[in-house]
Visitor: 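Take a look at this one; I'll ask things after.
Computed from heavy atoms alone, side chains included, the values below leave out hydrogens, waters and symmetry copies.
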Amino acid sequence: MGKIHHQTLRERVEEEIRAKIVNQELLPGMRIVEQDISEELGVSRGPIREALRQLEQEGMIEYTRNVGCSVRKNTLEDLYEIYMLRSTYEILAVRAFGGKFTEQELKQMDQILEQMGQLEDDYGSLDCCDYELHRIIIEKSGFERLIKAWSDLNYGNAIRFCTTEARRKDIVKRQYSVHKVIVDVCRTGDVEKICEALNQHYMSTVKRLMEEQNISDSRFRF
């Protein structure tokens, strides 16, 4: 039981640090001091080190010798790679199960959409809703390794927020409509339409950020 409790504590520390990055309390390039986190959260430095190692693997922070950990300065290229992989995994899942969703699964998607529609500027809740909706698609494949690989890329949403100049409220506001497109096409059971919608869903975000930052199409392969 002690081991289970320790793992849970590490995950809680991860969530706290991840939330600080998403909410821009910790900005790209800022150092993450273990002692400060220990005092703030009231936990020992052991779980903090483990949490930082996990976040380093995810690409949210980076470790530099003789300096320590700091928030990684992710780029639009990083986001493009993450979203390209994530969309590919979901497309593989859809092809694996033939694009047929049950009424219960579609109902769950509708409920998540409803929650999204009620959000105003809560990016943390939006991230949870986004994860849960897409999780329905990926988990239906039943492939554990595919699900794990997809889940490991979920931090891409945090990178998206850190690489955009748009206001948090604007980002949250448009998520209902863009995800409704996915839910609506999932109702059709048409594999090709679902796969195309998923690809457009992810790549349109990258294209929007490219326009914001005046980056030409030649830098990316769509």
Side-chain angles (χ1 to χ4, degrees), residues 3-4 7-8 10-19 21-22 51 54-55 57-60 78-119 122-161 171-172 174-206:
K3 184 176 180 180
I4 294 175
Q7 179 73 13
T8 301
R10 188 211 72 189
E11 291 175 347
R12 288 175 61 188
V13 173
E14 284 177 29
E15 290 176 359
E16 290 290 338
I17 299 174
R18 189 180 290 109
I21 295 173
V22 171
Q54 176 60 33
L55 292 171
Q57 291 179 5
E58 292 181 4
M60 295 195 73
D78 293 319
L79 182 64
Y80 170 67
E81 181 180 0
I82 292 168
Y83 275 8
M84 179 181 64
L85 288 170
R86 202 170 181 218
S87 63
T88 300
Y89 292 155
E90 291 182 32
I91 288 171
L92 285 173
V94 171
R95 294 193 183 282
F97 65 78
K100 305 300 181 184
F101 293 88
T102 66
E103 287 300 318
Q104 179 61 31
E105 289 162 345
L106 292 170
K107 183 179 179 180
Q108 290 175 338
M109 290 184 182
D110 286 335
Q111 291 172 341
I112 295 170
L113 268 181
E114 184 178 349
Q115 294 177 36
M116 281 186 171
Q118 296 174 355
L119 299 176
D122 187 346
Y123 194 83
S125 295
L126 170 63
D127 188 41
C128 290
C129 288
D130 179 281
Y131 178 81
E132 291 301 321
L133 193 150
H134 287 273
R135 185 172 62 87
I136 294 172
I137 299 173
I138 197 73
E139 288 194 348
K140 191 169 175 63
S141 71
F143 296 147
E144 293 184 2
R145 293 175 181 82
L146 182 62
I147 295 168
K148 174 65 165 56
W150 174 88
S151 181
D152 287 345
L153 294 172
N154 189 54
Y155 67 96
N157 286 335
I159 292 177
R160 173 184 61 180
F161 185 71
I171 296 174
V172 175
R174 62 172 170 256
Q175 295 311 302
Y176 173 85
S177 59
V178 300
H179 283 88
K180 187 175 188 303
V181 171
I182 294 177
V183 176
D184 287 345
V185 76
C186 284
R187 293 187 191 282
T188 70
D190 188 313
V191 172
E192 296 307 321
K193 288 182 179 179
I194 297 171
C195 292
E196 177 61 23
L198 288 170
N199 180 66
Q200 289 297 319
H201 174 74
Y202 284 105
M203 293 301 103
S204 63
T205 298
V206 178

Visitor: Measuring from atom CD of Gln111 to atom CG of Leu133, what distance do you get when rounded to the nearest 0.5 angstrom?
Guide: 11.0 Å
Visitor: Before you tell me yes or no, could you show the steps for Leu198 and Ile137 under side chain to side chain contact (heavy atoms under 4.5 Å, CB included), namely the whole-Å CA-CA distance, both residues' side-chain angles and the distance that decides it to 0.1 Å?
Guide: CA-CA 10 Å; Leu198 288 170; Ile137 299 173; 4.1 Å; yes
Visitor: Side-chain contact, heavy-atom cut-off 4.5 Å: Gln54 with Val13?
Guide: no
Visitor: Taking atom CD of Gln200 and atom OG1 of Thr205, what is their separation to the nearest 0.5 Å?
Guide: 10.5 Å
Visitor: From the options His201, Glu196, Lys180, Lys193, select the one residue that forms a side chain to side chain contact (heavy atoms under 4.5 Å, CB included) with Val185.
Guide: Lys193
Visitor: Atom CZ of Arg95 and atom OG of Ser141: how far apart are they, to the nearest 0.5 Å?
Guide: 14.0 Å
Visitor: Specify the closest pair of heavy atoms between Leu113 and Tyr176, including all atoms of both residues, with the distance to one decimal.
Guide: O-CD1, 3.2 Å
Visitor: Could you state the interatomic distance from OH (Tyr83) to CG (Leu153), rounded to the nearest 0.5 Å?
Guide: 10.5 Å
Visitor: Considering only distance and modelled atom types, tabulate donor-acceptor pairs under 3.5 Å from the side chains of residues 96-103, sequence neighbours left out.
Guide:
from: Lys100; atom 1: NZ; to: Gly189; atom 2: O; distance (Å): 3.3
from: Thr102; atom 1: OG1; to: Glu105; atom 2: N; distance (Å): 3.1
from: Thr102; atom 1: OG1; to: Glu105; atom 2: OE1; distance (Å): 3.3

Visitor: For the pair His134 and Tyr202, name the ring-plane relationship: parallel under 30°, tilted 30 to 60°, perpendicular over 60°.
Guide: tilted
Visitor: I'd like to know whether Glu14 forms a salt bridge (Lys or Arg N to Asp or Glu O under 4.0 Å) with Arg10, so could you lay out the CA-CA distance, the side-chain angles of the two residues, the decisive distance to 0.1 Å, and finally the verdict.
Guide: CA-CA 6 Å; Glu14 284 177 29; Arg10 188 211 72 189; 2.7 Å; yes
Visitor: What distance do Arg18 atom CZ and Glu11 atom CD have between them, rounded to the nearest 0.5 Å?
Guide: 9.5 Å
Visitor: Would you please name every residue forming a side-chain hydrogen bond (donor to acceptor under 3.5 Å, both in side chains) with Glu132, sequence neighbours left out?
Guide: Arg135
Visitor: Within this structure, what is the CH2-CG distance for the pair Trp150 and Leu85, rounded to the nearest 0.5 Å?
Guide: 13.5 Å
Visitor: With a 4.5 Å limit on heavy-atom distance, are the side chains of Tyr80 and Met203 in contact?
Guide: yes
Visitor: Does atom CD of Glu139 have more than 12 heavy-atom neighbours, drawn from other residues, nucleotides or ligands, at distances under 6.0 Å?
Guide: yes
Visitor: With side chain to side chain contact (heavy atoms under 4.5 Å, CB included) as the criterion, how do Ile112 and Ile136 come out once you've worked through the C-alpha distance, each side chain's angles and the decisive distance to 0.1 Å?
Guide: CA-CA 11 Å; Ile112 295 170; Ile136 294 172; 4.0 Å; yes
